[in-house]
Amino acid sequence: MDIVVFGAGSLGSLLGGLLARAHDVTLVGRDPHVSTVRKDGLRIEGEVEADVDPDADTTAPESADLVLVTVKSYDTAAAVEALADGDYGAVCSLQNGLTEERLAELDAPVVAGTASYGARLRESGLVDCTGVGRVVVGGLDRGPDPVAERVGRAFRAADVRTLVASDMPRRRWEKLAVNAGINATTALCRVENGALVGGDPPGKGENAPRLAREAAHETARVARAEGVPLSNRQARAAVERVASATATNRSSMLQDVESRSRTEVDALNGAVVDRAERHDVGVPTNRTLTRLLRAWERGAGVR
């Protein structure tokens, strides 16, 4: 399969590199990384090791069987513009947030996806696999999706752990609950993910675990208002499961704050607030987290 990975950062480079073991892959990203890959290939180290030789460029090819979108959520509009004139068999988002609706502007079937592989771009041409997770893909609606099945087969052909799911609406909102709870809390409290595990039960003290739980509970309430069956218990359990599994990780939003870069708060907690307003659902925790992070961005000069 001819695959374009639009967004050759940490995750895009790792998954693109893994896919290059079985497919023709083009990584689309920024120099000097893409020029190094084009000249010397891509080295994967850590939990998975491989030397691969994908194509790499700063602009996307005009056609491909599949485009994987792995850019930051705030770059989704730019991705749509860059891909607008292309001829693509399918587009799959592996981004944070509910970006698939924006990608649906493209003239190609859109598949929703999540990826729990850990990745860190150590230097140009070298990416670390910090954890072997799983890619989950599925249609935007409930039920089987033939395009998602085809995408899943492509990942499996490259020995990437993959699940083709028929309940992606719930999984998308569960992922949003996890990100809303973990990313914003760790970024503001300056703690690793493991700090959100345990703590006092809900209602017995203000602490980071409770803050993460409340953000997740609110997200689940908004999901239900949108007709997606995600319970508070499921959202809370997902936050605790991910925080435990990635206890020593510093979340992407914490890394953004530490490097004084723009965060994805608009697509995470901000998206919860925006959707809540449509249904008159109260989300005070997500609203406060959103305001605090946007205030930090303005103070840091990145908003």
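No hydrogens, no waters, no symmetry mates; every other heavy atom, side chains included, goes into these values. The first residue in the sequence is number 1, and the count goes up from there.
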remark   = Here the pair of heavy atoms bringing D53 nearest to G41 is OD1-CA, 3.9 Å
task = Take R236 and E214, measure what salt bridge (charged side-chain N to carboxylate O under 4.0 Å, His left out) needs, and give me the verdict at the end.
result = CA-CA 8 Å; R236 179 177 69 252; E214 287 298 326; over 6 Å; no
ask   = Going through the checks in order, is the side-chain hydrogen bond (donor to acceptor under 3.5 Å, both in side chains) test met by Q95 and T70?
value = CA-CA 5 Å; Q95 303 167 270; T70 52; over 6 Å; no
request  = Please test D274 against R278 for salt bridge (charged side-chain N to carboxylate O under 4.0 Å, His left out), starting from the C-alpha separation and ending with a verdict.
outcome  = CA-CA 7 Å; D274 291 343; R278 301 181 188 179; over 6 Å; no
key: In one Ile/Leu/Val/Met/Phe/Trp/Tyr side-chain cluster, 4.5 Å: V91, L98   = no
query = If every non-hydrogen atom of A64 is compared with every non-hydrogen atom of V4, which pair is closest and at what distance?
reply = CB-CG2, 3.6 Å
task = Give the C-alpha distance, both sets of side-chain angles, the deciding distance and a yes or no for side chain to side chain contact (heavy atoms under 4.5 Å, CB included) between L211 and N207.
result = CA-CA 6 Å; L211 192 63; N207 50 39; over 6 Å; no
ask   = Distance from T263 atom OG1 to L254 atom CG, nearest 0.5 Å?
value = 11.5 Å
query = What are the two closest heavy atoms between T76 and L103, and how far apart are they?
reply = CG2-CD2, 4.0 Å
pair T219-N286: side-chain heavy atoms closer than 4.5 Å = yes
task = Could you state whether M253 and L176 fall into the same hydrophobic cluster, counting links through intermediate Ile, Leu, Val, Met, Phe, Trp or Tyr residues with side-chain heavy atoms under 4.5 angstrom apart?
result = yes
inquiry  = For the residue pair T99 / S93, report whether a side-chain donor-acceptor contact shorter than 3.5 Å exists.
reply    = yes
message = One pair to check against salt bridge (charged side-chain N to carboxylate O under 4.0 Å, His left out): R241 and E174. What are the steps and the verdict?
response = CA-CA 12 Å; R241 181 176 64 251; E174 182 178 277; 3.5 Å; yes
task = Begin from the C-alpha positions of E226 and R224 and carry the test salt bridge (charged side-chain N to carboxylate O under 4.0 Å, His left out) through to its verdict.
result = CA-CA 5 Å; E226 296 241 325; R224 294 195 296 275; over 6 Å; no
inquiry  = Can you confirm whether V5 sits close enough to L15 that some side-chain heavy atom of one is under 4.5 Å from a side-chain heavy atom of the other?
reply    = no
inquiry  = Applying salt bridge (charged side-chain N to carboxylate O under 4.0 Å, His left out) as the test, list every pair that has at least one member in residues 127-139; sequence neighbours left out.
reply    = R120-D128, R122-D128
key: same_hphob_cluster(Y117, V136) at 4.5 Å side-chain heavy-atom cutoff   = no
message = With rounding to the nearest 0.5 angstrom, report the CZ to CG distance, R210 to L196.
response = 14.5 Å
message = Does R30, at its CZ atom, have more than 12 non-hydrogen atoms belonging to other residues, nucleotides or ligands within less than 6.0 Å?
response = no
Nearest heavy-atom neighbours spanning I182 and A243 = CD1-N, 3.9 Å
inquiry  = Contact between R156 and V135 at the side-chain level, heavy atoms closer than 4.5 Å - yes or no?
reply    = no
query = Do V48 and F155 belong to the same hydrophobic cluster, where Ile, Leu, Val, Met, Phe, Trp and Tyr are linked whenever their side-chain heavy atoms lie under 4.5 Å apart, directly or via other members?
reply = yes
inquiry  = Can you confirm whether the side chains of N96 and N179 place a donor and an acceptor under 3.5 Å from each other?
reply    = yes
inquiry  = Is a donor from one side chain sitting under 3.5 angstrom from an acceptor on the other, for E192 and T248?
reply    = no
remark   = Rounded to the nearest 0.5 angstrom, the CG-OG distance for D2 and S63 is 6.5 Å
message = So, taking the atom named CZ in R298 and the one named CZ in R294, what distance separates them when rounded to the nearest 0.5 Å?
response = 8.0 Å
query = Does any non-hydrogen side-chain atom of C129 lie less than 4.5 Å from one of V132?
reply = yes
query = Do any N or O atoms from the side chain of Q255 and from the backbone of R250 form a donor-acceptor pair under 3.5 angstrom?
reply = yes
inquiry  = Tell me whether E45 is salt-bridged to R43, with the criterion being a basic N under 4.0 Å from an acidic carboxylate O.
reply    = yes
message = Closer than 3.5 angstrom, by distance alone: can the side chain of H217 be matched with the main-chain N or O of A235 as a donor-acceptor pair?
response = no
task = First locate atom CG of L27, then atom CG of D55, and finally report the distance between them rounded to the nearest 0.5 Å.
result = 8.5 Å
query = Does atom CZ of R21 have more than 12 heavy-atom neighbours, drawn from other residues, nucleotides or ligands, at distances under 6.0 Å?
reply = yes
message = Can you tell me how far apart OH (Y88) and CG (L66) are? Round to the nearest 0.5 Å.
response = 11.5 Å
ask   = What closest approach, in Å, do V111 and G138 show between heavy atoms, and which atom pair accounts for it?
value = CG1-O, 3.4 Å
task = Answer yes if the side chains of E218 and T285 hold a donor-acceptor pair under 3.5 Å, and no otherwise.
result = yes
task = Check the pair R291 / W296 against side chain to side chain contact (heavy atoms under 4.5 Å, CB included), numbers first and verdict last.
result = CA-CA 9 Å; R291 287 173 173 170; W296 176 86; over 6 Å; no
inquiry  = Are the side chains of F6 and L83 in contact, using a 4.5 Å heavy-atom criterion?
reply    = yes
ask   = Are V265 and V222 connected in a single hydrophobic cluster, I mean Ile/Leu/Val/Met/Phe/Trp/Tyr linked by side-chain heavy atoms less than 4.5 Å apart?
value = yes
inquiry  = Less than 4.0 angstrom from a charged side-chain N to a carboxylate O is my criterion; do R172 and D167 meet it?
reply    = no
inquiry  = Between R287 and E277, does any NZ, NE, NH1 or NH2 come within less than 4.0 Å of an OD or OE carboxylate oxygen?
reply    = yes
task = Kindly say whether G125 contributes a backbone atom to a donor-acceptor pair with the side chain of H33 at under 3.5 angstrom?
result = yes
ask   = Does atom CD of E49 have more than 12 heavy-atom neighbours, drawn from other residues, nucleotides or ligands, at distances under 6.0 Å?
value = yes
task = Measure across T185 and A208 and return the closest heavy-atom pair with its distance rounded to 0.1 Å.
result = CG2-O, 3.6 Å
Any donor-acceptor N/O pair, N269 side chain to A180 backbone, under 3.5 Å = yes
Criterion side-chain hydrogen bond (donor to acceptor under 3.5 Å, both in side chains) on S252 and N183, from CA distance to verdict = CA-CA 7 Å; S252 60; N183 273 279; 3.0 Å; yes
query = Is the backbone of S251 close enough, under 3.5 Å, to the side chain of N249 for a donor and an acceptor to pair up by distance?
reply = no
key: Sidechain-backbone polar pair: S13 side chain, A8 backbone, donor-acceptor under 3.5 Å   = yes
Whether D31 side chain and S35 backbone form a donor-acceptor pair below 3.5 Å = yes
inquiry  = Less than 4.0 angstrom from a charged side-chain N to a carboxylate O is my criterion; do D75 and K72 meet it?
reply    = no
request  = Look only at the side chain of R260 and the backbone of V257, and say whether a donor-acceptor pair between them is shorter than 3.5 Å.
outcome  = no
